[in-house]
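Scope of the values below: all heavy atoms of this structure, side chains included, with no hydrogens, waters or symmetry mates. Within every chain, numbering begins at 1; the chains are lettered A, B, ... in the order of the sequence lines, protein sequences first and strands thereafter.
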Amino acid sequence: MSKEVRVRFAPSPTGDLHVGNIRTALFDWAYARHTGGKFIFRIEDTDRERVTDQYIQGAIDTMKWLGLDWDEGPEVGGPHGPYLQSQRLDIYAKWAQTFLDQKDAYYCFCTPEELEALREEQKKANQAPGYNGKCRNLTLEQQTEFKNQGRSAVIRMRMPEGETKFVDVIRGEVSFDHKFVPDFVLVRADGSPLYTLAVAVDDVLMKVTHVLRGEDLLSSTPRQIRVYQAMGVQEEDYPVFAHLPFVMGKDNAKLSKRNGEVSVSWYRAQGYLPESICNYLALLGWSPGDDKENISMQELVNLFTVDRVHASPARFDPKKLDALNADKIRALSSEEFLERSWNYIVEQNLIENNQGNKEIIASLLPIIQERIVTLNEIPAMANFLFVEQVEIEEESKEMMSKVETKEILQAALNQIKPLNTWDKENLENVLRGELIENRGLKPRIAFAPIRIAVTGSHISPPLFESMVLLGKDRCISRISKSL
RNA sequence: GGCCCCGUCGUCUAGUGGCCUAGGACUCUGGCUUCUCAAGCCAGCUACGCGGGUUCGAAUCCCGUCGGGGCUACCA
């Protein structure tokens, strides 16, 4: 029996979680669930200048909303916590000291300005940039002298000669010559840890077995492995690495706000279903292998394996997300569609939250379910039911003023006024009978004026159903007003 | 510049040497249906970056090339 799979998602919340982050989180989660392992959610907030509590809370909310539940992490705790790196500073300090004692790391007194100058020089000389090891072998006396000069020190990891080779399950064997992996900083001059230290220490301490993360971290893997070595971890205990391809915006450009919408909370506010976002994102860099693309979260868990993840980057295409979301909305049961819609409307504050309004929406939902793409379209479609009179849209005003139009409206009025039972069948019978059969009008010609008079727009849910929902009085009133 | 990764329709992908005259989905175009809008149905457009090998045979393997991306921080 092999050991339990433990996967972590470890974002650094320097902003709203975007679709790229979430694609990674989704794969992490799906892999953990697929294997029956544990999903760990860790917040990498070692850079307190950029990470804020608000973003951390936002990340937690987004994960919950998407249904990516975690076994260990914020709010739920776990045996290897805390799961916020800012609460683990003593752990990193202890390991940094150990590395210093072992001579794996050393104090470096070079100032940022000196390092900048060094980089300039290297660039000019066309050399590989990187720390030149100036402070590698400082004597105690030299260190004291630097301190007396008022210099502060960072802790730097010593990178031995040689190379680091490892197998990335998505990319195969990857190797880095240490000539291109300079000594790197573990601890800032102010004593705070850097990602390079924290990520490796935590992955070891939290017993992470599989690191599935963005491809941008591929070239930092040798540094992470270097820390494992200093921690005394055996090679067979290194986690399995899998570097996921990027999710990109249009034109091959990196995903960013300028390049289409990226934040998951934006998609939430637009009325996308969380499972649509997950489903769509799952298709970026992974596929179920057959022709079925619309899958549930459970199917994703069942089908997800890392060997079906491929190595090339994917473009985020909002059009396909739309199509998937529309499909998923159509597939909702009427009860569920109502519950989701109403929750969304209330959450976004689009319509006042009371029982009467909810009932109006509930009555409308069945006739608009197959014609909306996102939940935020509901209020506009429902508008005609919430007002006493409608405003006729600009583009239809000319048509509505024509004599022929007035004639149709008058004829329709004559037919519906005497109706005792106000239902779809009766409305359709009398209106078709008079306008189509008696007058020989084409349906589209005959019904357009009524539609516009009643809903204000030439585009609406099905006419007779809409009239039923509106009620006889308001229909008569609106048609009369258009005469 | 150096190091690393990547390269199938416009986009997401299937494809692991013969089943590929390259399949599906989204988009787009045309048509059918139709009370509008949708939905549904049918049809069409469009791809293995390029050049060399290896092989009886290559989208699939190798080399080169070109193109894209990442890293090169006291960010992650």
Side-chain angles (χ1 to χ4, degrees), chain A residues 10-12 14 44-47 49-51 108 110-112 115-116 119 122-131 152-156 168 170-172 174-177 179-182 184-190 192-196 198-199 213-222 243 245-246 248 250 252-254 280 283-294 310-324 326-327 330 368-373 381 428 431-432 435-436 442-448 450-452 455 457-464 466:
Chain A
S12 179
T14 55
E44 308 224 327
D45 57 345
T46 51
D47 185 356
E49 306 243 320
R50 297 169 66 216
V51 177
C108 170
C110 296
T111 64
L115 295 172
E116 185 54 39
R119 271 192 292 274
Q122 288 168 327
K123 208 171 172 184
K124 241 193 275 173
N126 227 341
Q127 288 172 322
Y131 187 62
S152 51
V154 300
I155 299 175
R156 218 177 255 283
D168 179 289
I170 294 173
R171 289 151 212 283
V174 182
S175 69
F176 290 85
D177 192 314
K179 276 192 292 222
F180 309 109
V181 187
F184 56 97
V185 178
L186 296 169
V187 178
R188 294 184 180 88
D190 67 3
S192 62
L194 254 52
Y195 167 80
T196 46
V199 69
R213 66 204 331 182
E215 161 184 1
D216 49 334
L217 271 350
L218 182 61
S219 42
S220 91
T221 307
H243 289 90
F246 282 116
M248 296 187 301
K250 279 191 181 6
N252 242 1
K254 204 176 174 185
Y280 175 64
L283 266 15
L284 262 28
W286 175 85
S287 87
D290 58 18
D291 290 339
K292 191 179 176 193
E293 291 192 328
N294 186 335
H310 57 101
S312 51
R315 241 82 37 185
F316 183 88
D317 177 13
K319 283 276 180 49
K320 187 148 180 176
L321 206 211
D322 282 349
L324 214 40
D327 276 347
R330 273 178 232 122
I368 64 169
Q369 186 164 11
E370 71 176 23
R371 48 200 100 221
I372 62 170
V373 171
M381 286 194 158
E428 186 158 8
L431 290 175
R432 275 191 193 279
L435 301 172
I436 313 300
K442 288 216 188 303
R444 56 186 306 131
I445 303 295
F447 297 134
I450 307 174
R451 180 190 312 284
I452 295 164
T455 69
S457 167
H458 70 291
I459 296 172
S460 82
L463 180 59
F464 309 118
S466 298

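For A/P462, taking side-chain heavy atoms from C-beta onward, the closest of the listed nucleotides B/G69, B/C35, B/C12 is B/C35. Minimum atom distance to the side chain of A/E44 is reached by B/A76, of the listed B/U36, B/A76, B/A25. The side chain of A/H310 approaches B/U13 more closely than any other nucleotide in the set B/A25, B/U13, B/U36. Considering only the side chain of A/R444, B/U36 comes nearest among B/C74, B/A76, B/U36. Each of B/U27, B/U11, B/C6 was ranked by its minimum atom distance to the side chain of A/D317; first place goes to B/U11. Proximity note for A/A189 (side chain, C-beta onward) versus B/C35, B/C74, B/A76: the nearest is B/C74. Side-chain proximity of A/S460 to B/C5, B/C71, B/U36: nearest is B/U36. Closest approach to the A/L218 side chain among B/A76, B/U27, B/C5 is made by B/C5 (side chain taken as heavy atoms from C-beta onward).
The base-pairing partner of B/A22, taking Watson-Crick or G-U wobble contacts with both distances under 3.5 Å, does not exist among the strands shown. Pairing for B/U65 goes to B/G49, judged as Watson-Crick or G-U wobble with the two contacts each under 3.5 Å. Using the Watson-Crick or G-U wobble rule with both distances under 3.5 Å, B/U36 pairs with nothing in any strand shown. Nucleotide B/U54 has no partner under the Watson-Crick or G-U criteria, as no pair reaches both atom distances under 3.5 Å. Across all strands shown, B/C41 forms a Watson-Crick or G-U wobble pair with B/G31, both key distances being under 3.5 Å. Across all strands shown, B/C3 forms a Watson-Crick or G-U wobble pair with B/G70, both key distances being under 3.5 Å.
Residue contacts shown for A/L463 include a base, since a base heavy atom lies under 4.0 Å away. Residue A/E293 is classed as a base contact, given a heavy-atom separation below 4.0 Å to a base. Here A/V154 lies in heavy-atom contact (under 4.0 Å) with a base. At the heavy-atom level, A/R330 lies under 4.0 Å from the strands shown only through sugar-phosphate atoms. Contact annotation for A/H243: no contact, since no heavy-atom pair falls under 4.0 Å across all strands. Across all strands shown, A/F464 has heavy atoms under 4.0 Å from base atoms, whether or not it also approaches the sugar-phosphate. Here A/S312 lies in heavy-atom contact (under 4.0 Å) with sugar-phosphate atoms only. When heavy atoms are screened at a 4.0 angstrom cut-off, A/Y195 is found touching base atoms of the nucleic acid. Within 4.0 Å of A/T455, counting heavy atoms only, lies no atom of the nucleic acid at all. Base contact: A/R451 has a heavy atom under 4.0 Å from a base atom. Note on A/P461: a base of the nucleic acid sits closer than 4.0 angstrom, heavy atoms only. Note on A/A448: nothing from the nucleic acid sits closer than 4.0 angstrom, heavy atoms only. A/R50 comes within 4.0 angstrom of a nucleotide base, judged by non-hydrogen atoms across all strands. In this structure, A/G214 reaches neither bases nor backbone, as no heavy-atom distance under 4.0 Å exists between it and the strands shown.
Using a distance-only test at 3.5 Å, with no hydrogens or angles considered, no donor-acceptor pair links the side chain of A/R156 to the main chain of A/L186. A donor-acceptor pair under 3.5 Å is formed between the side chain of A/S466 and the backbone N or O of A/P462. Within the 3.5 Å criterion, the main-chain N or O of A/L217 finds a donor-acceptor partner in the side chain of A/S220. Of the possible polar contacts, one joining the A/R171 side chain to the A/H243 backbone as a donor-acceptor pair under 3.5 Å is found. The main-chain N or O of A/S192 is never found under 3.5 Å from a side-chain atom of A/T46 such that the two would form a donor-acceptor pair.
Between A/T46 and B/A76, a side-chain N or O to OP1/OP2 separation shorter than 4.0 Å is present. For the pair A/R315 and B/C12, the criterion of a side-chain N or O lying under 4.0 Å from OP1 or OP2 is met. Distances shown here put every side-chain N or O of A/R119 at or beyond 4.0 Å from the OP1 or OP2 atom of B/U72. At B/C3, none of the side-chain N or O atoms of A/S219 fall inside 4.0 Å of OP1 or OP2 (strictly under the cut-off). Contact annotation: A/H458 side-chain N/O to B/C37 OP1/OP2 distance is not under 4.0 Å.
As a whole-Å value, the separation of A/K442 NZ from B/C35 C1' is 13 Å. For the pair A/F316 CZ and B/C12 P, the interatomic distance rounds to 12 Å; values are reported in whole Å. Atom CG of A/L217 and atom C1' of B/U72 are 14 Å apart (whole Å). Between A/D290 atom CG and B/G23 atom C1' there is a gap of 12 Å when expressed in whole angstrom units. In this entry the distance linking CZ of A/R432 with P of B/U34 reads 10 Å, nearest Å. The CZ-C1' distance, from A/R371 to B/C35, rounds to 11 Å in whole Å.
Side-chain polar atoms of A/R451 and A/T455 form no donor-acceptor pair below 3.5 angstrom.
No salt bridge links A/D317 with A/K320; every basic N to acidic carboxylate O contact stays at or beyond 4.0 Å. The pair A/D327-A/R330 meets the salt-bridge criterion, since a charged nitrogen lies less than 4.0 angstrom from a carboxylate oxygen.
The same atom, C1', is picked in B/C45 and in B/U29; the two are 8 Å apart, to the nearest Å.
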